[in-house]
Amino acid sequence: MAGTLFVVGTPIGNLEDMSVRAVKTLHEVDFIAAEDTRVTFKLLNHFEIKKPMLSYHEHNAKEKGSEIIARLQSGENCAIVTDAGMPCISDPGEDLVRLCAEHGIDTKVIPGPSAAISALALSGISTAKFVFEGFLNPQKNAKKERLEELKREPRTIIFYEAPHKLLDTLQAMNEVLGDRKITLARELTKIYEEVIRTTLSQAVDLYTEKAPKGEFVLVVEGMQQEEQSLTFEQALELIKALTDKGEPLSKAAKDVARQTGFKKGELYSRFLEK
Ligand code: SAM
């Protein structure tokens, strides 16, 4: 009889978040597929678990995937773990689960923390409906194009980002999405855990002054209903109100474009035509 693949969630920082069932499962399986065996070795040591490991990551997933399937088919049980959090969520595992499904191999989940859901819970931003974007493409144009596609998304949007790319991403978000609410959840469950509930422009200012450190989840408010329901004519009226207050037309058109999702150029030229 074929074995089972156990998808095991591990802590995102604080080892006390390791579940009793996760420890038990890692004790009981025949082998562990780990994203980085050195990282998992420390986790196993902490819980006094001695178990053979094999490395399974995005660069060897094809070849190791077949090896793991063969071992499962021969009756061994395998646990897959990653460096932190839930496997398969911006982490290796998805392909292995799919392979198991294709081969009729049983899969079970041992749920653990995920940085995305933990950050959402603390965000103070609507949790009723949300989407997970994971990492944006670091390439400038591709990043902005994707943000343009997300601009009119009404649900809360969750992103992962590396500290050295954070400022660039915040700037792109502020430019494309406009000055919305954002919560930056940093180093969750660790000593320097911090939750910053602010706006995109203020977040840009903050990280222009000091370099971001640690791991971040960004929870960004979706487009608000008032903005979505604005007609083009109403957007032009907003520009008028801003220019009447002395704001230069190009800035007013840019701000209203951000707020409403209409194109800056169209707003600008139609305003001049009026
Ligand atoms: N599978 C993992 C999960 O479900 O939490 C996510 C893995 S992904 C490769 C790593 C990213 O998750 C980091 O770049 C960061 O955005 C986020 N992350 C992981 N641990 C975190 C923590 N303790 N605090 C904040 N963000 C974290």
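Order of listing sets the numbers, starting from 1, for every ligand and every atom in it.
Because its NZ or CZ atom is not both nearer than 6.0 Å to the ring centre of F232 and within 45° of the ring axis, R270 does not count as a cation-pi partner of that residue.
Polar contact with ligand 1: absent for T189 (N/O pair, distance under 3.5 Å). Close N/O approach between I89 and ligand 1 is found [any backbone or side-chain N/O within under 3.5 Å]. Checked by distance only, ligand 1 and P113 stay at 3.5 Å or farther apart across all their nitrogen or oxygen atoms. Between A162 and ligand 1, no pair of N/O atoms sits closer than 3.5 Å. Considering backbone and side-chain N/O atoms, S114 comes within less than 3.5 Å of an N/O atom of ligand 1. Residue A116 places no N or O, backbone or side chain, under 3.5 Å from any N or O of ligand 1.
Looking at L188 against ligand 1, both its backbone and its side chain come within 4.0 Å, counting heavy atoms.
Ligand 1 has at least one atom lying under 4.0 Å from a heavy atom of V217. A185 counts as a contact of ligand 1, since one of its heavy atoms falls under 4.0 Å from the ligand. Proximity of S90 to ligand 1 is established by a heavy-atom distance of less than 4.0 Å.
Of all atoms in ligand 1, listed by their number and element, those nearer than 4.0 Å to a heavy atom of F216 are 15 (C), 16 (O), 26 (N). Residue-ligand proximity, K190 to ligand 1, at heavy-atom distances under 4.0 Å covers atoms 23 (N). Per-residue contacts place E187 under 4.0 angstrom from the following atoms of ligand 1 (heavy atoms of the residue considered): 23 (N), 24 (N), 25 (C).
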Using side-chain hydrogen bond (donor to acceptor under 3.5 Å, both in side chains), reason through D179 and S201 one step at a time and then give a plain yes or no.
CA-CA 6 Å; D179 195 12; S201 67; 2.8 Å; yes

F31 vs Y56, ring pair (Phe, Tyr, Trp, His ring centres under 6.0 Å): CA-CA, chis, key distance, verdict
CA-CA 12 Å; F31 68 103; Y56 178 83; over 10 Å; no

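Salt bridge present: E67 and K64 bring a charged side-chain N and a carboxylate O closer than 4.0 Å. A salt bridge is absent between R98 and E102: the closest approach of a Lys/Arg side-chain nitrogen to an acidic carboxylate oxygen does not fall below 4.0 angstrom. Of the charged side-chain nitrogens involved, none lies within less than 4.0 Å of a carboxylate oxygen, so that E193 and K190 do not count as a salt-bridged pair. Salt-bridge check for R71 with D30: failed, with every basic side-chain N at 4.0 Å or more from each acidic carboxylate O. Salt bridge annotation for K245-E247: absent, with no cationic side-chain nitrogen under 4.0 angstrom from a carboxylate oxygen. We find that K140 and D168 are joined by a salt bridge, their nearest charged nitrogen and carboxylate oxygen being less than 4.0 Å apart.
D91 OD2, 3.3 Å is the protein heavy atom nearest to atom 7 (C) of ligand 1. Counting only heavy atoms of the protein, atom 21 (C) of ligand 1 lies nearest to E215 OE1, 3.7 Å.
Remark: E16 CD is loosely packed, at most 12 non-hydrogen atoms of other residues, nucleotides or ligands lying under 6.0 Å away.
Of the listed residues (A84, A115, G9), the one carrying the non-hydrogen atom nearest atom 2 (C) of ligand 1 is A84. The closest heavy-atom contact to atom 3 (C) of ligand 1, among the options F135, Y160, F159, comes from Y160.
You'll find the side chain of I158 stays beyond 4.5 Å of the side chain of E133, heavy atoms only.
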